[in-house]
**Student:** 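Can you keep this structure in mind? I'll have questions shortly.
Counting from 1, the numbers follow the sequence of the chain as shown.
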Amino acid sequence: MSGAAVFLLLGLFVFLIFLWVNYNVFVALRQHIREAWSNIDTELKRRYDLIPNLVSVVRGYAEHERSVLESLTRLRTECMANHGTPAQQAVTENQLANSLGALIATVENYPDLKADAAFLRLQRELVTTEDRIQAARRFYNGNIREYQTRRESFPTNVIAGWFNFGPEDFLQLDPAIRGAAPRVAL
């Protein structure tokens with residue numbers, strides 16, 4: 001075998017190893033994205049489970065806020081049924097977050113409700129859940145960033161094109177409720 005043939009075979013071997021390693025990296029990144037999305041989905045379901053209890057407690061104090069409660073219930077149902085892309089789900093999730101925010105703002109008009117133990121417990125649970133959703137979203141978006149960087153960088157962008165590793169969407173979710181900022185009396 002001539003030196004040129006050995007050099008050509010060695011080059012082909014190195015190329016195949018490069019292809020194999022980078023293909024497997026793309027597969028692993030795609031799995032990380034799916035796992036991260038599963039974490040978000042779990043936390044969103046936790047939020048969905050809290051909403052009926054929250055609506056029930058608020059309804060006992062603020063029956064004439066029926067439109068806010070009905071809107072929140074309708075949006076919860078829409079979110080639970082939405083299994084589209086992250087970008088499609090973000091639209092309804094942000095509407096739900098805005099509706100939850102409106103409900104919490106409405107509570108300010110009901111001092112007895114603000115002091116209700118069940119409401120306070122649900123509000124704390126909701127704040128914790130929102131924090132967990134945002135942490136899961138950051139983890140998910142970090143995986144998307146890593147995947148997109150590899151997918152768009154040369155020479156791995158060629159491998160992504162050959163094997164149809166398409167773009168993935170970042171997830172932008174508005175928090176439905178934030179923890180209360182500490183107040184300092186001067």
Side-chain angles (χ1 to χ4, degrees), residues 30-148 166-186:
R30 191 167 47 193
Q31 293 306 318
H32 289 304
I33 290 168
R34 288 181 181 149
E35 176 188 2
W37 180 256
S38 176
N39 292 341
I40 292 171
D41 194 46
T42 299
E43 294 306 324
L44 291 175
K45 286 176 183 166
R46 179 181 158 112
R47 181 201 288 173
Y48 304 153
D49 291 344
L50 289 171
I51 290 173
N53 297 328
L54 188 64
V55 167
S56 178
V57 169
V58 172
R59 182 174 284 136
Y61 285 89
E63 184 59 38
H64 62 278
E65 302 291 349
R66 181 175 297 271
S67 65
V68 173
L69 299 174
E70 287 174 354
S71 172
L72 183 60
T73 302
R74 179 185 51 78
L75 286 167
R76 174 187 178 261
T77 302
E78 284 179 27
C79 288
M80 290 174 67
N82 187 352
H83 300 290
T85 66
Q88 292 166 335
Q89 286 185 276
V91 171
T92 55
E93 290 297 335
N94 285 331
Q95 290 172 348
L96 179 67
N98 290 335
S99 185
L100 270 169
L103 177 66
I104 298 302
T106 300
V107 168
E108 293 297 318
N109 298 325
Y110 300 92
D112 291 341
L113 176 58
K114 287 189 337 187
D116 183 85
F119 176 77
L120 292 173
R121 183 181 52 77
L122 285 168
Q123 188 176 22
R124 276 192 306 275
E125 282 292 317
L126 192 55
V127 168
T128 300
T129 300
E130 290 303 319
D131 290 344
R132 292 169 67 169
I133 289 170
Q134 293 305 318
R137 181 191 59 82
R138 285 188 300 274
F139 180 68
Y140 173 82
N141 284 343
N143 282 301
I144 294 292
R145 182 186 60 247
E146 186 177 344
Y147 172 83
Q148 290 294 97
E168 295 284 342
D169 294 327
F170 286 98
L171 181 63
Q172 300 301 324
L173 291 178
D174 298 332
I177 185 173
R178 291 180 173 86
R183 296 183 184 183
V184 177
L186 297 177

**Student:** Which distance, rounded to the nearest 0.5 Å, do you find between the CZ of Arg124 and the OG1 of Thr129?
**Tutor:** 12.5 Å
**Student:** Atom CZ of Arg59 and atom CG of Leu54: how far apart are they, to the nearest 0.5 Å?
**Tutor:** 11.0 Å
**Student:** At what distance, to the nearest 0.5 angstrom, does OG1 of Thr128 lie from CZ of Arg46?
**Tutor:** 6.5 Å
**Student:** Using a 3.5 Å cut-off and no angle test, enumerate the donor-acceptor pairs between side-chain atoms of residues 99-117 and protein atoms at least two apart in sequence or in another chain.
**Tutor:**
residue	atom	partner	partner atom	Å
Thr106	OG1	Ala102	O	2.8
Glu108	OE1	Lys114	NZ	3.3
Tyr110	OH	His64	NE2	2.7
Tyr110	OH	Glu65	OE2	2.8
Asp116	OD1	Tyr61	OH	2.8
Asp116	OD2	Ala118	N	3.0
Asp116	OD2	Phe119	N	2.9

**Student:** Could you tell me which non-hydrogen atom of Pro52 sits nearest to which non-hydrogen atom of Asp49, and how far apart they are?
**Tutor:** CD-O, 3.5 Å
**Student:** Going by the rule side chain to side chain donor-acceptor pair (under 3.5 Å), which residues pair with Arg74 if we only count those two or more places apart in sequence or in a different chain?
**Tutor:** Glu78
**Student:** Do the side chains of Glu93 and Leu171 get nearer than 4.5 Å, heavy atoms only?
**Tutor:** no
**Student:** Could you pull out all residues at least two apart from Arg121 that satisfy salt bridge (Lys or Arg N to Asp or Glu O under 4.0 Å)?
**Tutor:** none
**Student:** Quick check against the 3.5 Å criterion: does Asp174 have a side-chain atom that pairs as donor or acceptor with the backbone of Asn94?
**Tutor:** no
**Student:** From Cys79 SG over to Gln95 CD, what is the distance, rounded to the nearest 0.5 angstrom?
**Tutor:** 7.5 Å
**Student:** Can Arg47 and Leu96 be said to form a side chain to side chain contact (heavy atoms under 4.5 Å, CB included), step by step?
**Tutor:** CA-CA 10 Å; Arg47 181 201 288 173; Leu96 179 67; 3.6 Å; yes
**Student:** Would you mind writing out the side-chain donor-acceptor pairs for residues 30-42 within the sub-3.5 Å range, not counting sequence neighbours?
**Tutor:**
residue	atom	partner	partner atom	Å
Asp41	OD2	Lys45	NZ	3.0
Thr42	OG1	Ser38	O	2.9

**Student:** I need the full list of ring pair (Phe, Tyr, Trp, His ring centres under 6.0 Å) pairs touching residues 76-97, with sequence neighbours left out, sorted by first then second residue.
**Tutor:** none
**Student:** Would Arg145 and Gln148 count as having a side-chain donor-acceptor pair, cut-off 3.5 Å?
**Tutor:** no
**Student:** How close do Tyr140 and Phe170 get, counting heavy atoms only, and between which atoms?
**Tutor:** CE2-C, 4.5 Å
**Student:** Of all residues at least two apart in sequence or in a different chain, which pass the salt bridge (Lys or Arg N to Asp or Glu O under 4.0 Å) check with Glu43?
**Tutor:** Arg132
**Student:** Nearest 0.5 angstrom please: Ile51 CD1 to Thr77 OG1, how far?
**Tutor:** 9.0 Å
**Student:** Are any of the side-chain heavy atoms of Val68 and Val58 separated by less than 4.5 Å?
**Tutor:** no
**Student:** Within this structure, what is the CG-CG distance for the pair Asn141 and Asp169, rounded to the nearest 0.5 Å?
**Tutor:** 10.0 Å
